[in-house]
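We use all heavy atoms of the structure for the numbers below, so side chains are in, but hydrogens, waters and symmetry mates are not. In each ligand, atom 1 is the first atom listed, and ligand 1 is the first ligand listed.
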Amino acid sequence: MAIERTLSIIKPDAVAKNVIGKIYSRFETNGLKIIASKMVWLSAQEAGEFYAVHKERPFYKDLVAFMTSGPVMIQALEGEDAIAKNRDLMGATDPKKAEAGTIRADFATSIDANAVHGSDGPDTAKVEIGFFFPGMNVYSGR
Ligand code: CMP
């Protein structure tokens, strides 16, 4: 295992439910350190660009509409095995299939309103962190 970084987004549904702190607490109690964070109301262009990899998927339009429906909380997380650990904490993309005790099982309502996003691998994590946080806004080890 290695120290990794991953990008996490608390989506508009979870921000509206007022559970940012509860989700941050899960990161922190599981060894993930918040090394950058900001609240943003994404434009359609920003959300579309972030999710460009899904451009051809049938859910792309709804995904962009949902992600721009309210503010999101965006953070970079750092820790041992951070990418897989964050994905374990989130649970399956579809909250109906997410294991009990995961963020999506506890806070999400549908595959669209699924509370959180997390990078799915090291390459994606690097691109996604760079997309939202220029290097000087990441505070590793401080
Ligand atoms: P996220 O991890 O943010 O990555 C893409 C998002 O698309 C995903 O979470 C879901 O919220 C949304 N989505 C909607 N339908 C699907 C689907 N059929 N498969 C995967 N993701 C979907």
Side-chain angles (χ1 to χ4, degrees), residues 1-140:
M1 284 203 296
I3 299 287
E4 291 176 338
R5 291 177 179 181
T6 190
L7 186 88
S8 158
I9 303 178
I10 301 178
K11 297 189 179 185
D13 57 322
V15 171
K17 280 184 187 152
N18 204 21
V19 292
I20 293 170
K22 285 185 178 158
I23 294 173
Y24 269 26
S25 176
R26 291 186 185 205
F27 296 149
E28 292 178 342
T29 55
N30 286 282
L32 294 177
K33 186 170 182 181
I34 295 154
I35 57 167
S37 89
K38 61 182 175 186
M39 185 177 272
V40 180
W41 195 321
L42 295 172
S43 68
Q45 191 183 333
E46 289 163 339
E49 208 179 311
F50 179 76
Y51 279 119
V53 65
H54 296 304
K55 212 174 171 70
E56 303 307 324
R57 308 284 291 273
F59 57 82
Y60 179 73
K61 204 164 154 258
D62 287 347
L63 174 61
V64 171
F66 177 68
M67 291 301 287
T68 56
S69 66
V72 296
M73 194 76 198
I74 307 173
Q75 42 287 325
L77 307 175
E78 186 176 74
E80 281 282 343
D81 219 9
I83 297 165
K85 190 178 280 178
N86 183 42
R87 291 182 73 76
D88 286 348
L89 292 175
M90 291 193 299
T93 306
D94 182 350
K96 289 185 208 82
K97 296 178 185 155
E99 253 183 71
T102 59
I103 293 169
R104 283 169 172 154
D106 290 346
F107 302 120
T109 50
S110 70
I111 197 164
D112 295 308
N114 68 347
V116 278
H117 165 84
S119 308
D120 63 5
D123 295 343
T124 332
K126 201 162 185 216
V127 171
E128 291 185 351
I129 292 171
F131 184 86
F132 284 119
F133 299 108
M136 61 187 291
N137 294 324
V138 175
Y139 301 103
S140 174

Lys/Arg-Asp/Glu bridge criterion (N-O < 4.0 Å) met for Arg5, Glu78
yes
Partners meeting side-chain hydrogen bond (donor to acceptor under 3.5 Å, both in side chains) with Glu46 (sequence neighbours left out)
Ser43
Evaluate whether atom NZ of Lys126 has more than 12 neighbouring non-hydrogen atoms of other residues, nucleotides or ligands under 6.0 angstrom away.
no
So, does Trp41 use its side chain to make a donor-acceptor pair with the main chain of Val72 at under 3.5 Å?
no
Using a 6.0 Å cut-off, check whether atom NZ of Lys22 has over 12 heavy atoms from anything other than its own residue.
no
Donor-acceptor check, side chain of Asn30 to backbone of Arg26, threshold 3.5 angstrom: yes or no?
yes
Taking any residue with a non-hydrogen atom under 4.0 angstrom from an atom of ligand 1, which ones do you get?
Lys11, Tyr51, His54, Phe59, Leu63, Thr93, Arg104, Ile111, Asp112, Asn114, His117
